[in-house]
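Taking it in order: structure first as structure tokens, then the write-up.
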Amino acid sequence: MFVKICSILIFLLFASSSEGSSRLGIDELFRKLSCKESGIRFKNALRPTETENMISFINFYTGAGVGVLDINNDGLQDIYFAGNQVTSRLYINMGNLRFEDITYAAGVETDKWITGVSIIDINQDGFDDIYLSVSGKIESGNLGNLLFINNRDNTFSEKAREFQLDIAEQITHASFFDFDHDGDLDVFLITNPTDFKLNSNAPLQKPCKNGTSKGTDILLRNEGNRKFTNVSFKSGITIEGYSLGLNTSDFNNDGWTDIYVSNDYISNDILYINNGDGTFTDRLGQFFNYTSFASMGNDAGDINNDGLIDLVTLDMLPESSIRQKLIVGSRTLNSYKFTINLGYFPQFSRNMLQLNNGNNSFSEIGRLAGISESDWTWAPLIADFDNDGYKDLFVTTGFRKDMGNMDFIYKTVNSPFKKGCESIPLSEQLDAIQKCDGVPVINYIFTLLSD
């Protein structure tokens, strides 16, 4: 099974026309619906200003989130789109893939920098609620997470403070799960602090593992009666990181839900194994040999139908030789050894597919499987798209501005990445970013053939 998976995993490119599909020699599995057909007209439009831009908030172009729910239990899936500078929007499913915008009627509009959408039934009344992770500039003072409680009449009431879930940090995403097996939903929040300048790119220092860093993630325990308490430190959640991806799954198959956090930049990914006593222990080094370097999103699923949870993490290694030489590449051997000596885990700049061996260890097979190179890559989704009984992998790609382009970093006159760029007027730095090209990489779907 292992050899078969590695040898027959191929990639297909999403095509927007049947001509593109036939050119690849495959049948079209998906058809793009126009705004007129679907009724969905949401756009997370970003407009840099002197106060809101990539220099003041490095995650300006990182994006928002989306959640699928059934707000009225009619069996039709509705969609909630998160916004950054624009309000989030709720589209109710009218049937036949027709949607209607009921954002303001439902009371779920936003004026915050939303980064993640979690759909849960927080009060266990049988109706989906919406929890929104919030980030943005710390100076904005508008960072508290939001919780929209379903009123069961197609409207919602915001009650994050009432549940003590209005966490005012730079939160990327949240996952609700019962970590202590007491019958209610607890929540794990990942943070991504932006307290550094572009040209310093997070000065290298020893990893902080004592819970004092701004980049330490957060575990909240559900105490019942609409109350959550922060139990991060006492539960062993103490390791810093620039968190972009979160997955809660049972990675060691012991019946307790564990936590995987993928971290950007040099900060280590984290595998918090649930000890079953209310505490977690990071066992990344025991379970894995190495991870992605600038880890983005991640997803977990059983890719080979052996009953074990496997893991995909994404990075930014381009497929083409030209792009590989154009963007900031891998570290030198000396810099790699330096980071290891500082206490960082072995990391390499490419997508990883970690195959679960079933003995508390994983084998990384990303290159063998052919998924290691997909350029600026953000969110993976493991699912069986062609209904053949085998899991496939969809990854989203691209970036609004090619900030990793070495020509832009080192040769652009007003680049904000340059040493000494503080002397360059802000307006000229912003103008340089605006003129920077984007990275319009096509999305990938990797499909596993069964014969």
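Side chains are part of it too, since the values below use all heavy atoms of this structure and drop only hydrogens, waters and symmetry mates.
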How long is the span from the [atom1] atom in [X] to the [atom2] atom in [Y], to the nearest 0.5 Å?
{"X": "Ile190", "Y": "Leu244", "atom1": "CD1", "atom2": "CG", "value": "7.0 Å"}
{"X": "Met316", "Y": "Ile327", "atom1": "CE", "atom2": "CD1", "value": "6.5 Å"}
{"X": "Ile79", "Y": "Tyr91", "atom1": "CD1", "atom2": "OH", "value": "9.5 Å"}
{"X": "Glu319", "Y": "Asp375", "atom1": "CD", "atom2": "CG", "value": "9.0 Å"}
{"X": "Lys209", "Y": "Ile270", "atom1": "NZ", "atom2": "CD1", "value": "9.5 Å"}
{"X": "Ser267", "Y": "Gln347", "atom1": "OG", "atom2": "CD", "value": "7.5 Å"}

Do the non-hydrogen side-chain atoms of [X] and [Y] ever get within less than 4.5 Å of each other?
{"X": "Lys214", "Y": "Thr191", "value": "no"}
{"X": "Arg350", "Y": "Met352", "value": "yes"}
{"X": "Asp78", "Y": "Asn72", "value": "yes"}
{"X": "Asp315", "Y": "Met296", "value": "no"}
{"X": "Leu393", "Y": "Ile382", "value": "yes"}
{"X": "Tyr61", "Y": "Pro48", "value": "yes"}
{"X": "Leu311", "Y": "Phe288", "value": "yes"}
{"X": "Phe408", "Y": "Ile433", "value": "yes"}

Whether the side chain of [X] engages the backbone of [Y] through a donor-acceptor N/O pair (distance < 3.5 Å, no angle test) should be reported.
{"X": "Glu428", "Y": "Pro425", "answer": "no"}
{"X": "Asn93", "Y": "Gln77", "answer": "yes"}
{"X": "Asn274", "Y": "Thr257", "answer": "yes"}
{"X": "Asn356", "Y": "Phe251", "answer": "yes"}
{"X": "Thr339", "Y": "Tyr336", "answer": "yes"}
{"X": "Tyr131", "Y": "Phe176", "answer": "no"}
{"X": "Asp166", "Y": "Gly144", "answer": "no"}
{"X": "Gln429", "Y": "Cys421", "answer": "yes"}
{"X": "Asn192", "Y": "Ser243", "answer": "yes"}
{"X": "Asn44", "Y": "Asn84", "answer": "yes"}

Considering residues, nucleotides and ligands other than [X], do more than 12 of their heavy atoms fall under 6.0 Å from its [atom1]?
{"X": "Lys137", "atom1": "NZ", "result": "yes"}
{"X": "Arg41", "atom1": "CZ", "result": "yes"}
{"X": "Ile322", "atom1": "CD1", "result": "no"}
{"X": "Glu139", "atom1": "CD", "result": "yes"}

Quick one about [Y] and [X] (side-chain donor to acceptor, distance below 3.5 Å, no hydrogens or angles considered), yes or no?
{"X": "Ser157", "Y": "Asn151", "result": "yes"}
{"X": "Ser88", "Y": "Thr110", "result": "yes"}
{"X": "Glu52", "Y": "Thr49", "result": "no"}
{"X": "Thr332", "Y": "Asn334", "result": "no"}
{"X": "Thr397", "Y": "Asn443", "result": "yes"}
{"X": "Thr115", "Y": "Ser135", "result": "no"}
{"X": "Ser140", "Y": "Asn142", "result": "no"}

Which pair of heavy atoms, one from [X] and one from [Y], lies closest together, and at what distance?
{"X": "Ala64", "Y": "Gly83", "answer": "CB-N, 4.2 Å"}
{"X": "Thr87", "Y": "Phe42", "answer": "O-CE1, 3.6 Å"}
{"X": "Asp250", "Y": "Ile309", "answer": "O-CG1, 3.8 Å"}
{"X": "Thr447", "Y": "Asp386", "answer": "OG1-OD2, 3.1 Å"}
{"X": "Ala160", "Y": "Leu147", "answer": "CB-N, 3.5 Å"}

**Request:** For the pair Leu132 and Phe148, evaluate side chain to side chain contact (heavy atoms under 4.5 Å, CB included) and give the outcome as yes or no after the intermediate values.
**Result:** CA-CA 8 Å; Leu132 302 180; Phe148 289 108; 3.6 Å; yes
**Message:** Using the rule given for side chain to side chain contact (heavy atoms under 4.5 Å, CB included), can you reason through Thr216 versus Phe233, listing the C-alpha separation, both sets of side-chain angles and the distance that settles it, and then say yes or no?
**Reply:** CA-CA 10 Å; Thr216 305; Phe233 187 81; over 6 Å; no
**Request:** Indicate the ring-plane relationship of Phe30 and Phe385, choosing parallel, tilted or perpendicular according to the 30° and 60° boundaries.
**Result:** perpendicular
**Asked** Aromatic rings Phe399 and Trp378: how do their planes relate, parallel, tilted or perpendicular, breaks at 30° and 60°?
**Response** tilted
**Message:** Please evaluate residues Asp269 and Thr313 with respect to the criterion side-chain hydrogen bond (donor to acceptor under 3.5 Å, both in side chains), reporting the C-alpha separation (whole Å), side-chain torsions for both, the decisive distance (0.1 Å), and the verdict.
**Reply:** CA-CA 10 Å; Asp269 285 7; Thr313 61; 4.9 Å; no
**Message:** Evaluate Thr172 against Leu246 for side chain to side chain contact (heavy atoms under 4.5 Å, CB included), listing each step before the verdict.
**Reply:** CA-CA 9 Å; Thr172 309; Leu246 169 63; over 6 Å; no
**Request:** Please find out if less than 6.0 Å separates the ring center of Phe179 from that of Phe188.
**Result:** no
**Prompt:** Between Phe60 and Trp113, does the ring centroid distance fall short of 6.0 Å?
**Reply:** yes
**Request:** Go through Asp128 and Asn150 one step at a time and tell me if the side-chain hydrogen bond (donor to acceptor under 3.5 Å, both in side chains) criterion holds.
**Result:** CA-CA 6 Å; Asp128 287 334; Asn150 194 325; over 6 Å; no
**Single hit among Arg226, Lys227, Arg221 for side-chain hydrogen bond (donor to acceptor under 3.5 Å, both in side chains) with Glu223** = Arg221
**Message:** Could you walk me through whether Arg98 and Glu100 satisfy the salt bridge (charged side-chain N to carboxylate O under 4.0 Å, His left out) test, starting with their C-alpha distance in whole Å, then the side-chain angles of each, then the deciding distance to 0.1 Å, before giving a yes or no?
**Reply:** CA-CA 7 Å; Arg98 283 288 304 175; Glu100 179 182 333; over 6 Å; no
**Request:** Might you work through the side chain to side chain contact (heavy atoms under 4.5 Å, CB included) test for Asp310 and Asp302, ending with a clear yes or no?
**Result:** CA-CA 5 Å; Asp310 310 302; Asp302 183 4; 3.7 Å; yes
